[in-house]
Amino acid sequence: MDKTLAGKVAIVTGSGRGIGRCVALKFAEKGARVIINDLDQAPAEEVIAEIRALGSDAVACIGNVSAPDFGERIVQTALQAFGRIDIIVNNAGFTWDNVIQKMGDEQWDAILDCHLKAPFRILRAAYPYFREASKAEAEAGQEVFRKVVNISSVSGTQGNAGQVNYSSAKAGIMGMTKTLAKEWGRMKVNVNCVAFGFIETRLTQSTTEEKTVQVEGRDIKVGVNPDRIAAASREIALGRPGTAEEAAGSVYMFCIPESDYVTGQTIICGGGRGGF
């Protein structure tokens, strides 16, 4: 049985649902232990149960990634539970769309805080562990690679009307990726990025009704009109939106030994939408 990630410990934010859940399950299937994060306890516990059924282990770190103390808290959760960190996937996110003239500061700040400041805080909190671990390994003559995968979007690579906040944040995370790849290469940390196209999740499910989900007390619209999905599918070279499992596969590629000499890169997991 393939246990490529045996012995590894992975932090995956936003892993109680959707793409994050599939990433966490993929890692667990390959032997990793996982820190599960969600706003709510119930979905996190469900994923933990699924991971344990696969023969691996997981613990939860519940809460909003945008909270000022969250970065330190999730790093310490990993170290206290499993004693190490090998992979960090900054996946948590949501959209809160509007055109610029109708967007208030709260709407801008909420998206930038979640998609850009939260990964910054988590990675800053992880630095002392990465530094000490890499130093000890270098002194022992070992070369051990660790992985960071930041999640972007085609909204960040090419822009998207009505998403000036989200597009800006997702463009920013690509800049963070390139910079940390240069800063952390000496510690043998690969820092890469996956920009998703149209992936089927609860946020993009087909619906003709107006649906919302609660995010920190805010009602956020979710769902996409079937006509828009059909139009988008015609622009995708592979002819359909991607699944959450397929999205997870693109993250996994950056976390295996075969990618040890790849860093500072962004790949688009979008089925060829918008050209290559």
Side-chain angles (χ1 to χ4, degrees), residues 13-21 37-40 43 63-68 70-71 89-122 150-177 193-236 241-242 244 247 266 268-271 273-275:
T13 64
S15 46
R17 304 173 173 90
I19 295 170
R21 170 183 168 273
N37 159 252
D38 197 89
L39 288 169
D40 304 311
N64 188 345
V65 296
S66 299
F70 183 83
V89 180
N90 284 305
N91 168 77
F94 66 104
T95 56
W96 189 6
D97 298 346
N98 221 329
V99 290
I100 191 168
Q101 66 270 24
K102 296 181 180 179
M103 184 174 293
D105 286 356
E106 180 191 6
Q107 198 169 355
W108 170 270
D109 290 342
I111 296 301
L112 269 290
D113 284 351
C114 178
H115 293 273
L116 198 54
K117 185 181 284 186
F120 159 73
R121 286 172 168 160
I122 292 167
N150 295 317
I151 302 303
S152 185
S153 165
V154 293
S155 294
T157 63
Q158 61 193 39
N160 193 31
Q163 289 192 321
V164 65
N165 51 0
Y166 184 72
S167 297
S168 298
K170 289 308 192 183
I173 198 70
M174 290 187 285
M176 184 186 297
T177 296
C193 187
V194 177
F196 291 131
F198 195 163
I199 305 296
E200 293 175 329
T201 69
R202 67 176 182 145
L203 301 181
T204 60
Q205 61 188 312
S206 176
T207 181
T208 57
E209 303 174 4
E210 185 170 302
K211 296 183 178 181
T212 62
V213 297
Q214 280 274 321
V215 179
E216 292 291 287
R218 306 181 184 99
D219 287 323
I220 304 298
K221 291 182 180 180
V222 298
V224 180
N225 185 282
D227 292 338
R228 288 185 60 194
I229 293 176
S233 295
R234 288 192 290 270
E235 298 176 2
I236 298 171
T266 296
I268 296 176
C269 176
R273 186 180 182 187

> Please walk me through it: do S15 and R21 pass side chain to side chain contact (heavy atoms under 4.5 Å, CB included)?
Replying inline: CA-CA 4 Å; S15 46; R21 170 183 168 273; 5.6 Å; no

> Can you check whether V65 reaches N37 side chain to side chain, under 4.5 Å on heavy atoms?
Replying inline: yes

> Under the ring-ring contact (aromatic ring centres under 6.0 Å, His included) test, which residues partner F196, sequence neighbours left out?
Replying inline: none

>> Go through it in stages, so that I can follow the logic: the residues are E106 and W96, the test is side chain to side chain contact (heavy atoms under 4.5 Å, CB included), and I'd like the CA-CA distance, side-chain angles, deciding distance and then a yes or no.
In response: CA-CA 10 Å; E106 180 191 6; W96 189 6; 4.0 Å; yes

>> Just to verify, which of V89, I122, D38 counts as forming a side-chain contact (heavy atoms from CB on, under 4.5 Å) with T13?
In response: I122

> What heavy-atom pair brings Q163 and S155 nearest, and what distance separates the two atoms?
Replying inline: OE1-OG, 2.8 Å

> Can you list the steps and then say if I151 with I173 is a side chain to side chain contact (heavy atoms under 4.5 Å, CB included)?
Replying inline: CA-CA 8 Å; I151 302 303; I173 198 70; over 6 Å; no

>> Which heavy atom of C193 sits nearest to which heavy atom of M174, and what is that distance?
In response: SG-CG, 3.9 Å

> What is the distance from atom CE of M103 to atom CD of Q101, rounded to the nearest 0.5 Å?
Replying inline: 9.5 Å

> OG1 of T201 to CZ of R17: how many Å apart, nearest 0.5 Å?
Replying inline: 11.5 Å

>> Set out, in order, the CA-CA distance, both residues' side-chain angles and the distance that settles side chain to side chain contact (heavy atoms under 4.5 Å, CB included) for R121 and F70, then state yes or no.
In response: CA-CA 8 Å; R121 286 172 168 160; F70 183 83; over 6 Å; no

> Say you draw a straight line from CD1 of I111 to NZ of K117; how long is it, rounded to the nearest 0.5 Å?
Replying inline: 13.5 Å

> Roughly how far, to the nearest 0.5 Å, is CD1 of I19 from SG of C269?
Replying inline: 8.0 Å

>> Nearest 0.5 Å, please: how far is CZ in F198 from CD1 in I236?
In response: 7.0 Å

> So F94 and H115, would you call those rings parallel, tilted or perpendicular, with 30° and 60° as cut-offs?
Replying inline: tilted

> What is the distance from atom CG of N165 to atom CG of D97, rounded to the nearest 0.5 Å?
Replying inline: 6.5 Å

> side chain to side chain donor-acceptor pair (under 3.5 Å) between N150 and T177: does it pass, once the steps are laid out?
Replying inline: CA-CA 7 Å; N150 295 317; T177 296; 3.0 Å; yes

>> Tell me the closest heavy-atom pair linking G93 and C114, and the distance in Å.
In response: CA-SG, 3.6 Å

